[in-house]
Number of protein chains: 2
Amino acid sequence: MIKVAIVDDHKILTEGLQGLIAESGIATVAGVAHSAAACRLSIGFWKPDVVLLDVGLPDGSGIDLCKELKTQVPGMKILALTTHNEYTVVRQMLDNGASGYLIKNAMADEVLAGIQAVAAGETFLCHEIDLLMKRPQEKNIWLSPRERELLRLVTEGLTNAEIAEKIFLSPETIKGYRKNLLLKLGARNTAVLVKMALEQKLI
Amino acid sequence: MIKVAIVDDHKILTEGLQGLIAESGIATVAGVAHSAAACRLSIGFWKPDVVLLDVGLPDGSGIDLCKELKTQVPGMKILALTTHNEYTVVRQMLDNGASGYLIKNAMADEVLAGIQAVAAGETFLCHEIDLLMKRPQEKNIWLSPRERELLRLVTEGLTNAEIAEKIFLSPETIKGYRKNLLLKLGARNTAVLVKMALEQKLI
DNA sequence: GATAAAAACCCCCTTTAGGGGGGTGTTTGC
DNA sequence: GCAAACACCCCCCTAAAGGGGGTTTTTATC
C-alpha cells in the first residue's frame, strides 16, 4: 500500500482527497498539512512514499518546499497538485525534483493514476499539462536566472538606475537586459512586460 | 432541507463538498456543474435554494454569472466559494447579488454555516473576508468604471495617444486619468500600476 | 577545441511617461 | 440645495523608456 501525505491549505479539498484515496484501496493517507511549516514538522514522522504538494501555500512557495523535501529525503516522490497551468511553474517544479504534476480541475482518476505512477518511479503529467509541455518551444518562455531577477525588479517599479545600483551593474547593462526581455517576451513596453511576468508567473 | 447546487470546475473539491453537505444533514446537493455553460443549462431543473459559486470558471467569470443568475431567479441565494481574497472581487460579487462569500481555505463548518445563513436570507462572510471588508476604507481601493477601463487599457500596453484615439478622448485627459490612478493606488510608475491592477484584480 | 548561450558592458537618438500646476461642466447622493 | 465624485481639458518641463547599433568575457555543452 502506498503511503501518501497531503500538503494543501484548501481544507475542503484535502478532505475530498482523503476520502478519494481511502476509497480507492491503492493508498492510505499518512497525514495532512495545511502549511509548509506544518509539513516540515510532520513529514519525518509520516514517512510517506508520495507527497501531494500544492504550489500556493500560505507561508511559502511549494516550489521551494519541493526542493527542500527532495534534498532531505531523495527517495520520497513529489506529486504537484495545483491550480497553476503555467509552463514556468511546471518546469520549476520538475527541475526541483517533482515526479508529477496535476492540476486541480483534473478528474479524480487522474489523481490515483498519478499517485501510482510516481510511486512506481515513473513521471506523471495530467493530460492538460502534458500538452502544455509538448508545445513548440517558442511558445513556452524560459528565462535565465539573471533575466528573472531583472524582470522581478522591473515589476517592482524600479528604474534602470535604481536596479543598476542595487545589483552593482551599469545602467546601460540594465537597459540591455530590458530590451532583451521586451524582445524575448514580445512585449512592446513595460506595462505588457509586467503583465506577462505576472500572468505567466515568470517571476 | 436546503437544496444546494455546486458550480466549480475543481472536480476533487466538488466531490469533497458533496460528501460534506450530504453528511451534514442540513442540505442536499441538487446538482453539480463544472462550467458556467453547464450551470446555465441545468439550474432551471435543479431549482436550488443556494448556489455555491466559484469565481474562476473555465468559460467565464463567476462575477458575471452571479448577476445573470440573480436576474433570472431573484429568490435564489448565491454563496461565492473561491480562492480570491481581493477586496474588488468580493465587492463586485456582493454588488452583483451574492449573499455570502467563502474562501476555499475556510474550514468545513464555515461552509455549512454559510449555506444555512444565506438560505435563511442572511448575509454571510467567512472570517477572513469579514475582516477584509471592515478594514479602513483607504486600504480598500475602489475605482470608478471609467478608471477601471483606463487601467485595463494601460495594462494592455497602449500609450496615451492610442488610448485617446480608442475611446475618443484627448490625450491630455488620458494623462490626467493616469496621474490620478498613480496617486490613488500609490504607484510610482506604470510597472507598479500594472502589478497592483493584476494582483488586486482591479480590472 | 569549437559553438553557443548567458552575462556584462557601451553610445546615439527619439518617444513616452511622470511631476507640477491650472481649469470646466455634469451627475449623483444626502 | 450643495458637496463630492466623475469626466473632461490644457500648459510646461524633466526623467525615463524604447529603438538602433555595437563589444567582451565567462561558462557550459558537445
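Naming convention: chains lettered A, B, ... in sequence-line order (proteins, then strands); numbering from 1 in each chain. Owing to the predicted nature of the structure, the values given are computational and were not obtained by experimental measurement.
Sparse packing is recorded around NZ of B:Lys67, with 12 or fewer heavy atoms of other residues, nucleotides or ligands lying under 6.0 Å away.
No side-chain heavy atom of B:Ile115 sits less than 4.5 Å from a side-chain heavy atom of B:Phe124. The shortest distance between side-chain heavy atoms of A:Glu15 and A:Val32 does not fall below 4.5 Å.
Each of B:Pro145 and B:Pro171 was matched to the nucleotide of DNA chain D holding its nearest heavy atom; the match closer to the 5' end belongs to B:Pro145. Nearest-nucleotide positions on DNA chain C place A:Phe168 closer to the 5' end than the other of B:Leu158 and A:Phe168.
Between A:Glu162 atom CD and D:dA16 atom P there is a gap of 7 Å when expressed in whole angstrom units. At whole-Å resolution of the value, CG in B:Asn180 and C1' in D:dC6 are 10 Å apart. Going from atom NZ of A:Lys179 over to atom C1' of C:dA7 covers 15 Å, rounded to whole Å. What separates CG of B:Asn160 from C1' of D:dA17 is a distance of 14 Å, to the nearest Å. Regarding B:Leu182, its CG atom lies at a distance of 11 Å from the P atom of C:dA17, rounded to whole Å. As a whole-Å value, the separation of A:Ile174 CD1 from D:dA16 P is 14 Å.
For the helix from C:dG1-D:dC30 to C:dC30-D:dG1, the terminal axes (five pairs an end, C1' atoms, rotation from four pairs onto the next four) enclose an angle of 70°, given to 10 degrees.
For B:Lys175, taking side-chain heavy atoms from C-beta onward, the closest of the listed nucleotides D:dG19, D:dC8, C:dG19 is C:dG19.
Using a 4.0 Å heavy-atom cutoff across all strands shown, B:Thr173 reaches at least one base atom of the nucleic acid.
Contact annotation: B:Ser144 reaches the phosphate of D:dA7 (side-chain N/O to OP1 or OP2, under 4.0 Å). The phosphate of D:dC10 has OP1 or OP2 within less than 4.0 Å of a side-chain N or O from B:Ser170.
Each of A:Glu172, A:Glu165, A:Arg178 was compared with A:Asn160 under the side-chain hydrogen bond (donor to acceptor under 3.5 Å, both in side chains) criterion, and only A:Arg178 meets it.
Only B:Arg188, B:Asn189, B:Thr190, listed by number, bring a heavy atom of residues 188-199 of chain B to less than 4.0 angstrom from any atom of DNA chain C.
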